[in-house]
Every structure is written in structure tokens, then in C-alpha cells.
Amino acid sequence: MSEDIIYSAIIDEHYEEPRNFGKIENPDENIMETNPTCGDTIAMYLRLGDGKIKDIKYVARGCLISVASASILSERVSGKDIKEILKMKKEDILSYLGIDLGPAREKCALLSYDALIKMLKKYESETNQ
Amino acid sequence: MSEDIIYSAIIDEHYEEPRNFGKIENPDENIMETNPTCGDTIAMYLRLGDGKIKDIKYVARGCLISVASASILSERVSGKDIKEILKMKKEDILSYLGIDLGPAREKCALLSYDALIKMLKKYESETNQ
Amino acid sequence: MFDPVEIRKHFPIYERFQRENIVYLDNAATTQKPKEVIDAIVNYYENSNSNVHRGVYRIGEEATDLYNKSRENIAGFTGGKPEGTIFVRNATEALNLAANSLTRMIGKKFEVLVSRMEHHSNIVPWQIASDTFGIRLKMMESNIDRPLSWGDIERNITKDTRIVSLTHVSNLLGTINDLREIGKNLHERGIYFIVDAAQSVPHMPVNFRDLNCDLMAFSGHKMLGPSGIGVLQGTPEILEDMPPYMGGGEMIKEVFEDHFIAADIPEKFEAGTPNIEGAIGLSAAVNFLKNLRMESIRQHEKDLIAYTLEKEDELNIPSLISYGPRDPEVRGGIYSFNMRKNVESERPFGNEVHPHDISHLADRIEGVEVRSGHHCAMPQTVSLGVYATARASFYIYNTREDVDHLFDAIEKIGKRMIK
Amino acid sequence: MFDPVEIRKHFPIYERFQRENIVYLDNAATTQKPKEVIDAIVNYYENSNSNVHRGVYRIGEEATDLYNKSRENIAGFTGGKPEGTIFVRNATEALNLAANSLTRMIGKKFEVLVSRMEHHSNIVPWQIASDTFGIRLKMMESNIDRPLSWGDIERNITKDTRIVSLTHVSNLLGTINDLREIGKNLHERGIYFIVDAAQSVPHMPVNFRDLNCDLMAFSGHKMLGPSGIGVLQGTPEILEDMPPYMGGGEMIKEVFEDHFIAADIPEKFEAGTPNIEGAIGLSAAVNFLKNLRMESIRQHEKDLIAYTLEKEDELNIPSLISYGPRDPEVRGGIYSFNMRKNVESERPFGNEVHPHDISHLADRIEGVEVRSGHHCAMPQTVSLGVYATARASFYIYNTREDVDHLFDAIEKIGKRMIK
Ligand SMILES: Cc1ncc(COP(=O)(O)O)c(C=O)c1O
Ligand SMILES: Cc1ncc(COP(=O)(O)O)c(C=O)c1O
């Protein structure tokens with residue numbers, strides 16, 4: 001098995017230079033999520049409006065997979081409709097990453113996705129009242 | 001396998017007509033022993049003197065093996081030296097019965113033996129003081 | 001077509017049974033293992049053996065995957081949720097976990113109600129909780145020839161009753177209790193309902209949700225699976241509220257010097273390395289049972305117990321006395337009996353053939369393997385007026401011929417012991 | 001001659017390992033099973049499977065006999081008595097039983113002392129006992145590069161200390177604690193001493209009596225045996241005084257409506273149908289280990305850890321940092337490590353390679369199977385200043401070549417992740 005199949009070059013690139021890394025001051029939503037098995041942690045921040053994600057930033061501390069998937073996710077969802085994002089499935093996130101993950105690593109890849117969905121659901125239930 | 005090998009004729013006979021069955025009024029030692037797995041119970045009575053078993057009686061309620069072995073035991077030890085009896089091993093008792101018992105039935109066969117030994121030990125420690 | 005003789009071909013131990021003419025009738029104690037179960041375990045040892053939960057290397061992931069899929073499969077088999085399906089050692093541990101953790105959850109004195117037909121596993125854990133936490137255990141009478149009804153329960157609950165814990169099928173009498181209505185009524189009154197399903201899940205279709213219970217216990221080894229594995233099934237709601245039973249690895253999120261944060265269910269209740277091959281073996285057993293269909297298994301056992309009761313009537317052996325409901329509709333494949341003289345015996349020590357002798361002789365005379373003793377149900381045994389009984393219990397590989405052998409043995413023992 | 005390559009021939013999973021070039025180095029989590037163990041289990045299923053203790057028919061007696069002989073064999077292996085050798089699920093259950101039952105036996109508030117190098121299994125049960133019964137848990141600091149000494153303990157016991165519970169070998173650092181002197185001193189002071197021997201019994205000669213402890217816990221699956229079986233070994237004296245932990249079948253003499261009379265030890269602590277094949281499998285594992293001689297196993301692992309530490313020194317990989325004592329005399333075959341840049345990283349999220357990536361990449365690059373995480377020793381892991389480590393751990397079938405593969409993997413991961 002060669003190294004290149006293992007983790008794709010895309011993942012490597014996102015790990016080395018994660019996009020949208022950082023904080024948003026006075027965000028509309030923010031959250032802190034942890035994967036207890038490995039201690040991976042992500043703090044995520046959203047600016048929202050017109051039913052869309054206007055800005056997304058995060059500070060992640062974790063493994064290759066969790067950092068890179070946060071970076072990829074942030075690129076994908078930036079500017080998108082909240083309703084559309086809520087329709088996305090876990091499988092979509094995993095296929096973006098383009099590698100076959102075992103069950104133990106899936107948790108790493110889905111940490112940022114779980115954080116995002118929790119915030120959006122909270123926002124939806126707040127604004128719909 | 002024929003029935004006759006199973007339980008010997010001797011055992012059958014002792015079961016049908018147990019020897020020394022009954023009570024001793026004002027015994028020197030007496031005891032009540034139970035095998036919790038099957039509820040077999042034996043009450044045993046001794047008259048002792050000159051370092052010997054002068055009389056032994058018992059009331060047993062139990063299975064073929066436990067009743068017959070009480071009967072056989074009572075015959076064997078009657079009139080014998082206490083010290084000698086205390087030297088007897090479990091194996092001796094089992095071989096008197098003349099059948100090959102599994103571990104579960106051994107307990108049945110040794111119920112009366114255990115009762116006897118307990119009484120004799122108690123008696124020895126009392127009289128040696 | 002349900003064919004016990006075909007089924008036997010899946011059980012390697014039947015080679016020995018055939019060679020030695022053994023008729024195995026102790027299935028309420030434990031069942032035999034089909035090669036499908038043995039193979040699943042051996043295959044795990046030979047290919048994927050490793051610890052679960054934390055391995056991110058390949059065989060670690062395979063083991064974790066096998067373990068999780070086993071849980072899903074077993075959960076679905078009895079209509080529960082995977083996160084509500086906790087692996088324990090056996091039904092006994094399941095009931096101990098329930099008694100200890102529920103008592104601590106409720107956190108004050110209360111009354112728990114059980115019936116006289118319970119197995120010790122559904123009595124002693126409550127006695128221990130009573131000694132430790134001061135709760136009150138109440139044992140209600142139960143009829144020996146008919147199932148428990150809601151009326152029986154209703155008469156016995158008080159304003160202090162917070163938990164009712166009942167067996168689904170009596171392991172001594174074979175009585176099948178219809179728990180649905182009981183569960184519904186308890187639910188309406190806000191009383192927790194626990195079901196000991198150790199003798200039902202292996203033998204008939206059982207749906208956790210239909211029973212309207214909060215927690216349900218069963219054992220793998222009584223349903224073709226390995227020993228050392230059992231299940232406590234519960235609603236996620238109650239399990240989330242219950243405090244952990246044992247502490248250690250796997251059941252925590254984080255551990256600090258002075259406190260810990262428990263993991264989510266089901267891991268919260270699974271401290272330490274689990275019985276991984278046990279779970280995998282039990283899942284294979286579940287597949288085997290699903291293939292046969294639980295309806296057909298129940299039908300087959302109903303036929304066997306009906307045949308047993310008919311044959312008993314027909315032979316009319318004077319020394320034979322048996323216990324439990326006579327209606328096969330409410331009776332599992334369990335037949336407890338004793339043998340005694342009809343007239344007062346001449347012998348000074350009673351007129352019963354001791355069940356140990358029945359069991360021993362049945363084995364030596366006819367190769368028929370039946371259990372003897374109080375079958376871990378002393379309160380019920382005592383209520384029959386005896387110290388012990390002999391018990392035959394059926395499963396998928398038993399036939400009417402096996403029942404014939406049982407009665408041959410009984411007749412021969414009668415001739416031998418009751419002269 | 002101790003020959004790991006010969007030994008591998010007894011392990012069917014090594015066929016797969018050889019085919020896929022897998023180097024299994026996660027033995028502190030669980031070990032592989034030799035065919036002798038698998039055969040013992042299969043043979044039980046195929047010939048003698050039945051419930052224990054009460055069967056007076058032939059296969060019931062065989063099963064009981066196998067179970068009892070397994071207990072004797074395992075008891076003798078660690079120098080304990082059969083009646084002081086209780087079968088449980090794993091070391092975790094053994095420590096939960098000890099914590100719960102001893103606390104109830106003592107019956108009043110007291111202090112229990114553990115060290116920072118304990119596994120969660122020797123921390124959380126005491127936290128639960130503390131929540132439930134109000135006892136106080138004290139965790140003493142422990143050095144990360146040397147064993148615990150009597151001086152360490154002496155400084156930390158108070159007049160309220162009634163129990164000290166310590167690991168024999170740290171599963172994170174490999175530290176081997178010399179417990180004999182500690183045990184002797186605690187004994188003199190009348191303080192109960194519990195030993196977590198999960199990482200020692202599989203790897204070196206351990207004699208229960210030599211340790212001067214009251215109770216000792218270990219797991220079958222870490223010593224070539226099945227999962228789902230473990231042992232609590234104790235002196236008959238203390239076990240006789242301890243109240244039962246779980247209630248149910250097998251552990252009673254008699255059950256009445258309102259109380260029960262417990263069986264004698266060891267049955268008193270074994271509620272319900274035990275893991276029979278687990279006990280039989282563990283006994284076969286013990287025979288396998290006895291054949292190899294525990295002195296030779298320890299010698300082999302000492303050689304492997306010495307070679308590992310030498311090789312680490314020699315290669316001097318700048319990103320590699322490892323933990324634990326450097327003296328192989330006081331170090332088991334356990335090697336925990338991390339990888340990090342030497343200078344502050346440019347990357348915003350820290351300069352460590354996450355241990356999950358180490359474990360994942362080691363598998364994919366070199367087929368080397370190492371675990372990552374806090375290894376159920378969070379207090380100790382946190383004291384190292386990290387969230388997690390990667391850990392390699394050796395056993396009888398590992399070789400110096402396996403260690404070479406480990407370092408090949410580390411070097412390649414370094415090249416890949418630390419540019
Ligand atoms: C030192 C130590 N104690 C206890 C345990 C718990 O073992 P088990 O998970 O088999 O209960 C382990 C295993 O991880 C260990 O390494
Ligand atoms: C009704 C009932 N409940 C509980 C049990 C206990 O099962 P186990 O020994 O597997 O814990 C049994 C088995 O004997 C049983 O028949």
C-alpha cells in the first residue's frame with residue numbers, strides 16, 4: 001500500500017493550510033465540540049443571515065482527518081442555504097474527503113459536521129419562533 | 001448399560017433397609033447436616049466412651065446414595081476407635097460404596113461422613129481440654 | 001417445514017449424542033451450540049481478534065465493526081434499539097444491574113414487587129438492594145397452574161410500589177405470563193416494569209416494545225449462544241437516567257482525579273473489555289433462530305409439551321406427579337415432576353424418589369438428561385410442598401421420540417425404586 | 001530456547017498477519033489466541049457443553065469437572081487457592097466487586113489510596129463507591145520514570161486509610177512496581193491491599209502470596225485467553241468476610257421470601273451461569289504460558305523493550321518523544337510515544353502529530369498495529385502534558401524485527417507529517 005492512497009493529497013493540503021481558520025467576533029452562533037476518544041476539539045463560529053451562511057470560521061485541534069475535514073467543510077458550506085445544508089447527509093461529507101474511513105476515524109471526520117448541524121438547528125429553532 | 005451396574009445391589013439393600021436408623025436419647029454428640037444443592041438432610045447421634053464409638057444412629061432424608069452411604073458408614077464405624085476413624089479418608093468411604101460417582105453425587109455420599117467427622121473433632125477437642 | 005432431525009445436523013455435539021444415545025432435555029439450564037455459532041467465534045479468533053472501540057488499525061476496526069453489528073442484530077431481534085441494548089454476562093447480571101442502578105436512580109425508600117414464581121436472579125438482587133439501600137421487597141403469591149394476571153398484580157401494588165419485576169416464563173412450571181396488559185397498566189400508573197425474559201426470548205417471538213416494559217433481561221447461552229454473554233435491553237430514556245453500575249475503561253468520556261463523566265448509552269453500562277466473541281457468537285445464534293422463525297419454534301415446543309401432557313395422562317403412572325398449567329397455550333416446553341409412592345411408605349425416611357436419583361438413573365438407564373433440584377426457584381419449589389423436582393425442558397432439536405424416552409426412563413425408575 | 005517465530009505457528013491469526021504483513025503490537029489491549037485455546041473451547045462445545053454445578057447426568061458432570069479443574073489450574077498458576085479464585089468478566093469487574101464489597105464490609109467512612117498511574121478500572125469503581133457510600137478517594141502523585149516505592153505510599157497514608165489499591169505494571173508507561181515491600185508494610189499496619197495485576201500476570205512470574213496483598217485482579221484476554229473471563233483472587237479469609245456483590249443462581253445456599261443464605265466461597269461471588277468456556281479457554285491459555293515458562297516470557301519482553309530503547313537512542317529521531325522508565329529491569333514491554341516538531345509550528349493548531357494519525361498511518365504504511373488514545377489512563381496521560389499517546393506493546397510472538405518495523409513506521413510518519 002502506498003502512502004498516497006492512504007490520505008489524499010487534498011487532505012494533506014487542507015491539513016497543512018486549513019481554510020477559514022480563525023475566529024469570528026460576535027458570531028450569530030458558536031459551539032465547542034469534542035471527540036472524547038481522542039480529545040479532538042473544534043470551536044466553530046457562524047455569521048448567518050438571509051437564510052444563508054455568510055461566514056464560517058473555526059479553531060481546530062486534532063488529527064489530520066478532523067482538521068482537514070473542517071477545512072473542506074468550511075469551503076463547501078460558505079455562502080450556502082441553511083436549509084440545503086441541513087439536507088446534506090453524513091455520507092456526503094465522507095465522500096468529499098475521498099478516502100475510505102474505518103468506523104473509528106469516521107468520528108474524526110464528522111466532528112466539524114456535527115458542530116455545524118447543531119448550530120444550524122439551534123438557529124432555525126430560534127428564528128422560527 | 002444395565003441397571004445393575006448403576007447402583008449396586010448392596011446400595012439398594014441399604015436404601016431399602018437402612019441399618020442403625022433412629023435416634024439416641026441423650027447422645028454424647030449430635031449434629032444436623034444438609035446438602036444445599038438437593039436438600040438432603042441427616043441428623044446423627046453418637047454415644048462415645050473409652051476412645052470408641054459405642055453407638056451410632058441417624059435419621060436421614062435423601063437420595064439413594066446419601067441414605068445408603070449413611071447406613072454403610074454406621075456399620076463400619078460402630079465400635080471402632082475414634083482416632084482410627086479420624087484417619088479414614090474420603091476415598092475410603094467412596095470405595096465402600098463400590099460405584100463410580102461423579103462429582104455431583106460425591107457430595108451425597110459424603111454427607112454422613114462429614115457429619116460424623118465434625119462430631120468426632122468436636123468431641124476430641126472438648127475432651128482434650 | 002420445521003424438522004428437528006435436520007436441525008440436529010447443525011449441532012456437532014449430536015454426533016456424540018447419537019453415539020451414546022443421549023437424549024438432552026436440559027435446555028432451560030443451557031442449550032447446545034450449532035456449528036454456525038462455533039464457526040463465528042473461531043473465525044473471529046483466527047482473523048479479527050483485537051480489542052474494540054479504540055483501534056484505528058485494520059483488525060481493531062474489524063473487531064469494532066463486528067461487535068457493533070452484533071449489537072444491532074441482537075437489538076433488532078427483540079425489537080429494541082442498539083443504544084438500549086447492553087451486553088452483560090447473563091440475565092443474572094442484567095437484573096443485578098437493573099436492581100442496583102434503578103434503586104440508586106430513585107434515590108429513596110420504596111417497594112419492589114416480585115412474584116413467587118421468580119428465579120433467584122429476580123429475587124436475590126432485590127434482597128441485596130434491600131440490605132444495601134433499605135428498599136422493601138414484596139413477594140406476591142402466584143398460582144401454580146395459571147399465568148399471572150393484571151388482577152394479581154393490582155391487588156399487590158401499594159402507593160409505595162415503584163418497581164414491578166416479573167418473569168415472562170417460569171423456568172420451573174413453564175407458565176407463560178401474558179405481560180402486555182400488566183405492562184400497560186403499570187405504565188399508566190408510572191411504575192417501572194422489568195421483565196426477566198431468560199426463558200421467553202429463546203423460545204417464542206418476543207418484542208420488547210409490545211411488553212410495555214422499561215427493562216428486559218436475557219442470557220445468550222439459553223438461546224444457542226455462548227455462555228458469558230447476556231443482554232439488558234431498555235428504553236433509551238430510562239437508561240440515560242440510570243447511574244452507571246460498574247466503572248472502568250470504555251464506560252467513560254473523561255476521568256479526573258475526583259470525578260468521571262460517563263459515556264453515552266450503551267457504553268455507559270459496559271465497563272472494561274467486553275465479551276467480544278460472546279457478542280459475535282450470540283449474533284450468529286440470533287441469525288440461526290431467525291432462520292428457523294420464532295413462531296415455528298414456539299409451535300414446535302407447544303407440540304412437544306402437549307404431547308408430553310397427553311402421554312402423561314395416557315400412561316397414568318401412579319407414582320408420577322407433575323406441576324404447572326395443563327393448557328399448552330400458556331405453557332412453555334418445561335416439564336417438572338416428582339415420583340412417589342401412593343401409600344405411606346414402610347421406609348422410615350419418606351416415600352419420594354429423590355429427584356437426584358431420578359436424574360442420575362434417567363441418565364444411566366435411558367441416556368435421558370434431566371436436571372434435578374430447586375432449579376434456582378426455591379420459593380416456588382417450596383410452595384409445591386417438595387424440596388426439589390426433576391425437570392425436562394425442550395428445544396428446537398428435541399422430538400416426540402425424546403419424550404417417549406423420557407417416559408420410558410420414568411417407568412423404569414418407577415419399577416426400580418418403588419417396589 | 002524461547003523462539004517467537006516457532007511460537008507464531010500456534011497462532012492461526014498469524015497466517016493472516018503473514019499474508020498482509022501485519023505487525024501486531026497492541027498486546028496491552030488484548031492478545032491473540034493460540035490454537036490450543038481455540039481447540040479447548042471448540043472441544044467443549046462439541047462434546048461436553050452443559051450447565052455447571054447441578055447436573056447429575058454425564059455431560060453435566062463433565063462440564064462441572066472441566067470448570068472446577070480450570071479453576072484449580074488458574075488458581076495454582078498465580079499461587080492462590082481454588083476457593084480464593086473467583087471468575088468474573090475481566091479485571092474491571094474484579095476491581096468493581098472489590099470496591100463495592102470491601103466498602104460495604106468495612107461499613108463506615110474511610111479513605112482509599114490509589115496512584116496517578118492507575119488504569120480507569122482502578123479509579124472509577126472507587127469514585128462510584130465514593131458517590132454511593134461516601135468514602136474518600138485519594139490519588140497520590142507518581143513519578144513517570146520510576147516505580148512506586150514504599151516511601152511514596154507511606155507519605156500518603158493517613159489514619160483514615162483502610163485500603164490501598166495499586167497497579168502492578170502501568171499499562172501506559174510500562175513501569176513495574178515492586179509491590180512486595182509495600183504489601184508487607186501495609187499488612188503490618190492492617191490496611192487492605194489490592195493489586196491490579198492485569199499487566200503483570202500475563203507477562204512475568206506473579207505469586208499472589210509473595211505480593212502480600214488481600215485481593216488481586218486480572219483479565220483472561222490479555223494472557224492468550226478468551227474475552228469475557230477474568231479473575232479476582234483473594235485470601236479465603238477476606239473473601240469469607242466480604243458480602244456478595246451480585247445475587248442470583250449458584251451463589252446461594254437457600255433463598256427465602258425475605259432473605260437468602262449465601263453459598264461458600266468462591267460460589268458466593270459467582271451469580272448466575274458463569275462463562276464456562278471462558279474458564280476452560282483461560283485454563284488452556286495458562287497451560288500454554290506454563291509451557292513457555294513465565295521467567296522466559298519476562299526475559300524475552302525485557303530484551304524487546306531494551307532493544308526498543310537502544311534503537312530509539314541510536315536513531316535519535318528529533319520528532320520522537322517517549323515516556324516511562326529507561327531501565328529495562330523495571331520496565332515491561334510497553335512503549336508509549338508521541339511525535340512533534342522541535343520548533344514552534346507555523347500551523348495554527350499545534351505542532352504534534354495526533355496519535356490517531358500515528359496509529360492510522362503506521363497501519364497503512366507498515367502494517368504496524370499500535371493503539372492511540374489515553375489508554376484508559378487519563379490522569380497519567382494528562383500528567384505527561386498531552387491528550388493522548390501512541391502505544392506499542394509486546395508479547396511472546398513479537399520479535400526484534402517487529403521493533404524495526406515500528407521504527408520504520410515512525411520514521412516514515414515523521415517524513416510525511418513533519419515537513
Ligand atoms: C493495568 C490495567 N488494569 C485494568 C485493565 C482493565 O482490563 P479489562 O478491560 O480486561 O477489564 C487494563 C486493561 O486495559 C489494564 O491495563
Ligand atoms: C427465568 C430465569 N431467569 C433468570 C435465569 C438466570 O440465567 P443466567 O444463569 O444465565 O443468568 C434463568 C436461568 O436459569 C431463568 O430460567
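Computation of the quantities below employed the complete heavy-atom set of this structure, encompassing side-chain atoms and omitting hydrogens, waters and symmetry-equivalent molecules.
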Of the listed residues (D:I123, D:L97, D:D131, D:I38), which shares the most heavy-atom pairs with chain C below a 4.5 Å separation?
-> D:I38

May I ask you to test the D:I59-C:Q32 pair for a side-chain heavy-atom distance under 4.5 Å?
-> yes

Which bit of C:R89 comes within less than 4.5 Å of chain D, counting heavy atoms only: side chain, backbone, both or neither?
-> both

Looking only at heavy atoms, what is the nearest atom pair of C:Q127 and D:F256, with distance?
-> NE2-O, 2.9 Å

Which one of C:M139, C:R104, C:E369, C:K33 has the most heavy-atom pairs closer than 4.5 Å to chain D?
-> C:E369

Flag the one option from C:S227, C:G272, C:G248, C:A271 with the top tally of heavy-atom pairs under 4.5 Å to chain D.
-> C:S227

Quick one: CD1 on D:I252 to CE on C:M378, what's the gap to the nearest 0.5 Å?
-> 7.0 Å

Residues passing the salt bridge (charged side-chain N to carboxylate O under 4.0 Å, His left out) test with C:E20, sequence neighbours excluded, are C:R16, D:R58

If you count heavy-atom pairs under 4.5 Å between each of C:D26, C:L137, C:L95 and chain D, which one has the most?
-> C:D26

How far apart are the closest heavy atoms of C:R371 and D:V52, and which atoms are they?
-> NH1-O, 4.0 Å

Of all the heavy-atom pairs spanning C:N51 and D:A29, show the shortest one and how long it is.
-> ND2-O, 3.0 Å

Tell me, do D:V368 and C:Y57 make a side-chain contact under 4.5 Å, heavy atoms counted?
-> no

When the 4.5 angstrom heavy-atom criterion is applied to C:N96 and chain D, the contacting part is side chain

When only pairs under 4.5 Å are counted, which of D:E62, D:R136, D:K222 shares the most heavy-atom pairs with chain C?
-> D:E62

With only heavy atoms counted, which part of C:F133 is less than 4.5 Å from chain D, the side chain, the backbone, both or neither?
-> side chain

With only heavy atoms counted, which part of C:I276 is less than 4.5 Å from chain D, the side chain, the backbone, both or neither?
-> both

Atom group of D:P274 that falls short of 4.5 Å from chain C, counting heavy atoms = backbone

When the 4.5 angstrom heavy-atom criterion is applied to C:V370 and chain D, the contacting part is backbone

Working to the nearest 0.5 Å, report the span between CD of C:E257 and OG of D:S383.
-> 10.5 Å

Residues of residues 39-49 of chain D contacting chain C, heavy-atom criterion under 4.5 Å, by residue number = D:I41, D:V42, D:Y45, D:E46, D:N47, D:S48, D:N49

Which atoms of C:D258 approach chain D - backbone, side chain, both or neither, heavy atom under 4.5 Å = backbone

Could you list all the salt bridge (Lys or Arg N to Asp or Glu O under 4.0 Å) pairs where at least one residue sits in residues 270-280 of chain C, not counting sequence neighbours?
-> C:R71-C:E270

Chain D contact via C:H221 - which portion, at a heavy-atom distance below 4.5 Å = side chain

Heavy-atom pairs under 4.5 Å with chain D, option from C:G278, C:S219, C:P226 with the top count = C:P226

Out of C:N90, C:V382, C:V255, C:T30, which one racks up the most heavy-atom pairs below 4.5 Å with chain D?
-> C:V255

Output all residues satisfying salt bridge (charged side-chain N to carboxylate O under 4.0 Å, His left out) with C:E254, sequence neighbours left out; order by chain, then residue number.
-> none

Taken to the nearest 0.5 Å, the spacing of D:I13 CD1 from C:S50 OG works out to 7.5 Å

Select one option (side chain, backbone, both, neither) describing which atoms of C:I229 are under 4.5 Å from chain D's heavy atoms.
-> neither

What's the shortest heavy-atom distance between C:P125 and D:G247, and which atoms?
-> CG-O, 3.6 Å

How long is the span from the OG atom in C:S121 to the CD atom in D:E250, to the nearest 0.5 Å?
-> 8.5 Å

Do C:T273 and D:T92 touch side chain to side chain, with heavy atoms closer than 4.5 Å?
-> no

Okay, C:Y245 and chain D: the region with an atom under 4.5 Å from a heavy atom over there is both

Most heavy-atom pairs under 4.5 Å with chain D, out of C:H119, C:E15, C:H120, C:K35, belong to C:H120

Is chain D contacted by the side chain of C:R116, its backbone, both, or neither, given a heavy-atom distance below 4.5 Å?
-> side chain

Cut-off 4.5 Å, heavy atoms of chain C, and the answer for D:T31 is backbone

